[in-house]
Amino acid sequence: MRADTSMLATDRRLVLKAMLAAGGTLAFDIQIAAAQGAKPNGAASARINAYVAIAADNTVSITSKNPEIGQGVKAMLPMLIAEELDVDWASVKVEQAVADQSRFGEQFAGGSMSTPMNWMPMRQAGATARAMIVAAAAKQWGVPAAQVTTKAGEVIHAATNRRAPYAALAAAAAKEAVPDAATLTLKDPATFTIIGKPVPGPDTPAIVAGKPLFGVDTVLPGMVHAALLTAPVRGATLKSHDAAKALAMPGVRKVVVLRQLGHDDAPVDALAVVADSWWTASEARKVLVAQWDNGGRDQHSNASFAASAKAAFATKPAATIRQEGDVAAAMAKAAKTLSAEYSYPFLSHATLEPQNCTAQFKDGKLELWAPSQMPNEGKDLVAKAFGMSADAVTVNLTRIGGGFGRRLQSDFMIFAGAIAREIPGVPVKLILEREEDFRMDFFRPGGFHKLDAALDANGKLTAFRTHLVTFGAKGAPGRGGELPNDLVPANLVPNADLGMTVLDSNIPLGWLRAPGSNALAFATQAFMDEVASAAGKPLPLFMLDVLGESRLVTPPKIPGVPDIWQPPAFHTGRAASVIREAMKISSWQDAPAKGRGFGFYFSHLGYFAVVADCAQEGDAIKVTKMWVAGDIGSTIINPLNAEQQVRGAMIEGISHVIGGLQVPIAGGQVQVANFDAYPLPRIDVVPPIEISMVRSDFPPTGLGEPALPPAVAAVANAISSLTGKRVRSLPYKA
Amino acid sequence: MPTILKVNGTQRKVDVPGEKPLLWVLREDLGYLGPKFGCGAGLCGACTVHLDGQAIRSCITPINSVGDAAITTIEGVGASEVGKKVSAAWTALDVPQCGYCQAGQIMSAVALLETNPAPSDADIDSAMAGNLCRCGTYHRIRDAIKQAAGQKIAGGTNAR
């Protein structure tokens, strides 16, 4: 069978809307474009839409549109399509999409949004293709489409005992009109054969065989290599440099000066060494001589931040995020009041694959091979940086060696593009040294909280207040440094006060896995642990009291923010159910043994409760067991991957507390250059982890992030319980 | 400096400076892209390969120190009985998340099982301590090593 893509209608497009009810109604649009603009998928295959092509041997190529960073999206999205297309998973070959918003709509890996944004649209993409195959079969057989059924990649007309593989009809199907997705009946979840089944990552065999998949593995004919030197003080500008020694080294081709490139909030000056080998470029980088103008940025340090926070706490917050009732009055008539200060450090993403990008500038066009979590934004940034049209920039998505939010910033694409433009026609692969990767991160903002709470005579929480001292610019918090207006428990008590003061610094900020939440969960749930103790209750029971009746709590809308990024409604019943489940699976006692801690948090539409046990082992405290209960809706799409996401979140949660993970700032410089100073968890840290997912009657939501925040709190609270000394500052120090 | 290297059972000739790390010779000069660059300082284990069966960090191993040792990379590890078993267990348990560290993890695991076919948890911890996994696939790494060793694995909750 041959595909004749030229015969496909070019205007065949379908806009699908997915109505999500995960605490509020969100509408996501997706285009299911026809084959127009799509590369033919081998001579012997027919492309039915942007996502589905069927080969002569009935192999189904399914395009995965989002970047794979280890969150399992390369299995998950195609599973949704394959399910409704009604094919065997064994016949599916997954292909990675290029960055093309016109064909695939949103294509980012972030915010745990791939599941909620695609649960319906991807199923509809599969169902649409199936309907077109059914229509083609009905025509060919001269029977009503309603009588044609499908099973495992075959169309069947039972009455006349006819059946045919999809492959036999694919070319004809591609010419069928795209049906309105709203008219299609999707499968009854009880009949799912792929969704909900454990599906291994499509790339697993290639990873195990050591095949080149990642950004750093990109190899192009005639490719050269580049290493980058940036200022030790982030944001410093290049005063002068001497590249003579570097240029004298055999194999070094060029030293390129990059000026004020990158994201608008963090422009960078840098020197790039271009050489025949990356190792040569890296050796030459060591002998570059550069003078930097720090421009006063070297005044920033952990000590200066702490002093500024102290000063801020002595006055009122610069901004009010939310005010309910009268906190001062509630405090005045409280039976008990509590007050405490909490803090947490800057953190690095420390993806194991260093930031890198390969670029080629040829005939006025730029092609990039980019491990970016936001490739379309990266494309726009690149186009803007060089005054090019976005059409002149092509972005290929590579597999990504860890994202954790770092690659939501696509600065490395701009740097690679800038170098490529200096050597037209020659492809260049830029890889950052580990030291540069740490230096050039966009950090999880540190923060300081002054928290207050009031209890009445019955031990009921009557008031909650926090003053967050965070980081940003000109009074606006940076990425991941915001104070949300739906912070638990401020959204649940009659008297609440959320205030914020923003400190300026030269340290660029970025979203780290469960941004905001990963820090706020610690400060709020650890403080609530103190409050619960004062009320004479363990934290999970105290939280159940705070949650109260099962209901939907809707936060005030933030003006000017698109619906999709508005804080979602909070379902107290779902929250209570995961707390009860965590208590159940951990056999929580009324008076838990020393060394046990609890944490609850709601983020990224997921409800999670974590129990952690810890014990003293020699000089160190070790987490000995963790229990996790979570609710991300009706369906766990891929349980094999879900288990990994939750375990990974628990291990990351431990690492935020135990082991000393932090990025200290001194003299405006990041004080971490390699993993010896950034002790990520290793295999001996890992406890047994028991996971229970509570199913609820809501559309499924993402799992990359929401399990992490309560883990941080649970581990901190477990240590407080063990030592009798409250952990109010991260990382934990004995 | 012309050098003969024995990689995955094949003699390969390269002409590069003697101090060039084995990792970059493998990746750039010989086309073995399996071993990965992570830290350049022997701290993360992503670059792990075998020299005469022993797991080493190729990012800090200059090729003039390799001599005539047999180099095995992830691309060639399946040639041995243990390598085959470990790779099969890794695939069967779907160990990788992002996958970037896994070549190094597998090389360390194979080196462990070659010398210690029945490792305890403590043996596994110490043999694998040099290999970082940023995603945290450690439960499945432990299980895959045990499965390759023919030991019972906990699965599910991975109770140790």
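Order of the sequence lines sets the chain letters (A, B, ...), proteins ahead of strands, with each chain counted from 1. Just so it is clear, the structure is predicted and the values come from calculations on it, not from any experiment.
- At least one donor-acceptor pair closer than 3.5 Å links the side chain of Gln96(A) to the backbone N or O of Ser64(A).
- Of the listed residues (Cys39(B), Gly78(B), Gly99(B)), the one with the most heavy-atom contacts under 4.5 Å to chain A is Cys39(B).
- Comment: Lys6(B) does not engage Asp68(B) in a salt bridge, judged by the lack of any side-chain N to carboxylate O separation of less than 4.0 angstrom.
- In this structure, the portion of Lys36(B) lying under 4.5 Å from any heavy atom of chain A is its side chain and not its backbone.
- Between chain A and the options Thr73(B), Val16(B), Ile74(B), heavy-atom pairs under 4.5 Å are most frequent for Ile74(B).
- Between Phe214(A) and Tyr100(B), the two ring planes are perpendicular [angle over 60°; tilted spans 30° to 60°].
- Leu213(A) does not touch chain B: none of its heavy atoms, backbone or side chain, sits under 4.5 Å away.
- For a residue to count as touching a neighbouring chain, one of its non-hydrogen atoms must lie under 4.5 Å from one of that chain's; by this rule Glu19(B) touches chain A with backbone and side chain alike.
- Proximity to chain B (any heavy atom under 4.5 Å) is shown, for Ile654(A), by neither the backbone nor the side chain.
- Options Thr280(A), Asp203(A), Asn356(A), Thr204(A) differ in how many heavy-atom pairs under 4.5 Å they form with chain B, and the most are formed by Thr204(A).
- Only the backbone of Ile69(A) comes within contact range of chain B, judged by heavy atoms closer than 4.5 Å.
- With hydrogens and angles left out, the side-chain atoms of Ser277(A) and Glu28(B) include a donor and acceptor closer than 3.5 Å.
- Your options are Pro96(B), Gly136(B), Ala103(B), and the one with the most heavy-atom pairs under 4.5 Å with chain A is Pro96(B).
- Looking at Gln105(B), its side chain never comes within 3.5 Å of a backbone N or O of Met128(B) through a donor-acceptor pair.
- In summary, the side chains of Asp143(B) and Gln147(B) do not present any donor paired with an acceptor at a separation below 3.5 Å, with no hydrogens or angles considered.
- Of the two parts of His225(A), only the side chain, counted from C-beta on, holds a non-hydrogen atom closer than 4.5 Å to a non-hydrogen atom of chain B.
- Arg439(A) and Glu433(A) are not joined by a salt bridge, as no carboxylate oxygen comes within less than 4.0 angstrom of a charged side-chain nitrogen.
- In terms of non-hydrogen atom pairs under 4.5 Å with chain A, the most contact-rich of Gly34(B), Cys101(B), Gly38(B) is Gly38(B).
- Only the side chain of Gln102(B) comes within contact range of chain A, with at least one heavy atom under 4.5 Å from a heavy atom of that chain.
- Judged by distance alone, the side chains of Gln97(B) and Thr137(B) never bring a donor and an acceptor atom under 3.5 Å apart.
- In the displayed structure, Asp15(B) atom CG is contacted under 6.0 Å by more than 12 heavy atoms of other residues, nucleotides or ligands.
- The candidate from Leu33(B), Val25(B), Asp29(B) with the greatest count of non-hydrogen atom pairs under 4.5 Å with chain A is Leu33(B).
- Contact tally against chain B (heavy-atom pairs below 4.5 Å) for Leu680(A), Val219(A), Ile431(A): the top residue is Leu680(A).
- No donor-acceptor contact under 3.5 angstrom links the side chains of Thr624(A) and Asp613(A), judged on distance only.
- When the candidates Asp676(A), Ile651(A), Asp217(A), Ile207(A) are compared by the number of heavy-atom contacts under 4.5 Å with chain B, Asp217(A) comes out ahead.
- Within 6.0 Å of atom NZ in Lys584(A), 12 or fewer heavy atoms from other residues, nucleotides or ligands are found, so the atom counts as exposed in its surroundings.
- Heavy atoms closer than 4.5 Å to chain B are found in both the backbone and the side chain of Phe675(A).
- For Pro35(B), no part sits under 4.5 Å from any heavy atom of chain A, backbone or side chain.
- Using a 4.5 Å cut-off between heavy atoms, Ile106(B) contacts chain A through its side chain alone, with no backbone atom that close.
- Identified by a heavy-atom distance below 4.5 Å to chain A, the contributing residues of residues 81-92 of chain B are Ser87(B), Trp90(B), Thr91(B), in residue-number order.
- Using a cutoff of 4.0 Å between basic side-chain nitrogens and carboxylate oxygens, Arg134(B) and Glu652(A) are scored as salt-bridged.
- Both the sub-6.0 Å distance and the 45° axial angle are not jointly satisfied by Arg27(B) relative to the ring of Tyr32(B).
- Using a 4.0 Å cut-off between charged side-chain N and carboxylate O, Glu643(A) and Arg140(B) make a salt bridge.
- Exactly one residue among His349(A), Glu353(A), Gln355(A) makes a side chain to side chain donor-acceptor pair (under 3.5 Å) with Thr351(A). That residue is Gln355(A).
- In this structure, the portion of Val199(A) lying under 4.5 Å from any heavy atom of chain B is its backbone and not its side chain.
- With a 4.5 Å cut-off on non-hydrogen atoms, Ile400(A) touches chain B through its backbone but not through its side chain.
- For the residue pair Arg513(A) and Asn518(A), no side-chain donor N or O sits within less than 3.5 Å of a side-chain acceptor on the partner.
- Looking at Glu435(A), there are no atoms closer than 4.5 Å to chain B (heavy atoms on both sides), in backbone or side chain.
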